[in-house]
Amino acid sequence: MNEGADYGGGAGGAARSPGCGPEGGGFVPSALGTREHWDAVYKRELQTFQEYGDTGEIWFGEESMTRLIRWMQKHKIPLDASVLDIGTGNGVFLVELAKFGFSDVTGIDYSPSAIQLSGSIIEKEGLSNIKLKVEDFLNPSTKLSGFHICIDKGTFDAISLNPDNAIEKRKQYVESLSRVLKVKGFFLITSCNWTKEELLDEFSEGFELFEELPTPKFSFGGRSGNSVAALVFQKT
């Protein structure tokens, strides 16, 4: 879900998340929140990679990956800390983490085609210490647990657009996060559909804000703000 077609697809630099932009705040139910849509997207992206070697787009742009890795470096997160990328999509962020030196990295996605794409890209990069699993984060397997760091770039956004009871699915997401993340572990979320205040409310059960990360600002009609929210929560 998260990278490339995270919950989206294409090719190029600074990508937009599902529902982002002027009409993104209404949370209108959309195919962007369904598994069928992303299975189709990933099948196309996998075919594109196989034919042209195009890994696809980086969600929120390369700066989003750099922002998160810099935070981990700043806070001296051990390189052997277990890291989970929720909705890994094309796995590009996993590749960056591994190149930086993180040795216990796992990517999950509910689309088998996304995991196949990630595996192909990781193999092309010559990396062998990245784990990939087909997992629905709303119903994770019992083996998915004990992570020091969980990362989400756009997956929670897409879940919010699910036409089938998105409110309940958001609650399931928070419950799953609580199960897979260690106590005192960190959750790094990047969102364009949710404001800081809204995310604080969504993750009020069992998590506390640790830090807000700087993100690009916009100005429109004499008002300014952030087009993206990037927060670090710590499990209590």
State the [atom1]-[atom2] distance between [X] and [Y], to the nearest 0.5 angstrom.
X	Y	atom1	atom2	answer
Leu231	Glu198	CG	CD	11.0 Å
Glu96	Asp85	CD	CG	12.0 Å
Arg70	Leu213	CZ	CG	12.0 Å
Leu188	Glu211	CG	CD	9.0 Å
Gln73	Leu79	CD	CG	9.5 Å
Asp152	Leu177	CG	CG	9.0 Å

Compute the centroid of each ring, for [X] and then for [Y], and state whether the two points are separated by less than 6.0 Å.
X	Y	answer
His75	Phe210	yes
Phe137	Tyr110	no
Phe156	Phe203	yes

Over 12 non-hydrogen atoms of neighbours within 6.0 angstrom of CD in Glu205:
no

With a sphere of 6.0 Å drawn around NZ of Lys171, does it hold more than 12 non-hydrogen atoms of other residues, nucleotides or ligands?
no

So do [Y] and [X] actually touch side chain to side chain, heavy atoms under 4.5 Å?
X	Y	value
Met65	Val92	yes
Met72	Phe100	no
Phe102	Ile149	no
Arg179	Ser145	no
Lys169	Asp164	yes
Arg67	Lys153	no
Thr106	Phe147	yes
Asp104	Val83	no

Walk me through it: do Ile189 and Trp194 pass the test side-chain contact (heavy atoms from CB on, under 4.5 Å)?
CA-CA 10 Å; Ile189 181 169; Trp194 297 92; over 6 Å; no

What pairs with [X] under salt bridge (charged side-chain N to carboxylate O under 4.0 Å, His left out), at least two apart in sequence or on another chain?
X	result
Glu175	none
Lys182	none
Glu202	Arg170

Apply side-chain contact (heavy atoms from CB on, under 4.5 Å) to residues Phe186 and Ile151 and explain how you reach the verdict.
CA-CA 8 Å; Phe186 294 105; Ile151 296 170; over 6 Å; no

Nearest heavy-atom pair of [X] and [Y]: which atoms, and what distance?
X	Y	answer
Ala166	Ser160	CB-O, 3.6 Å
Leu209	Leu200	CB-CD2, 3.6 Å
Val180	Leu144	CG1-O, 3.1 Å
Thr236	Val183	O-CG1, 4.1 Å

Taking [X] for its side chain and [Y] for its backbone only, find out whether a donor-acceptor pair lies under 3.5 Å.
X	Y	result
Thr215	Ala230	no
Glu208	Gln234	no
Lys235	Ser178	yes
Ser82	Gly146	yes
Ser118	Gly89	yes
Ser176	Gln172	yes

Evaluate the side-chain contact (heavy atoms from CB on, under 4.5 Å) criterion for residues Ile159 and Leu138: first the C-alpha distance (whole Å), next the side-chain angles of each, then the deciding distance (0.1 Å), finally the verdict.
CA-CA 10 Å; Ile159 287 172; Leu138 300 186; 3.9 Å; yes

Under a 3.5 Å threshold, yes or no: a donor from one side chain and an acceptor from the other, between Ser191 and Asp157?
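Per modelled atom types, Ser191 and Asp157 side chains form a pair under 3.5 Å.
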
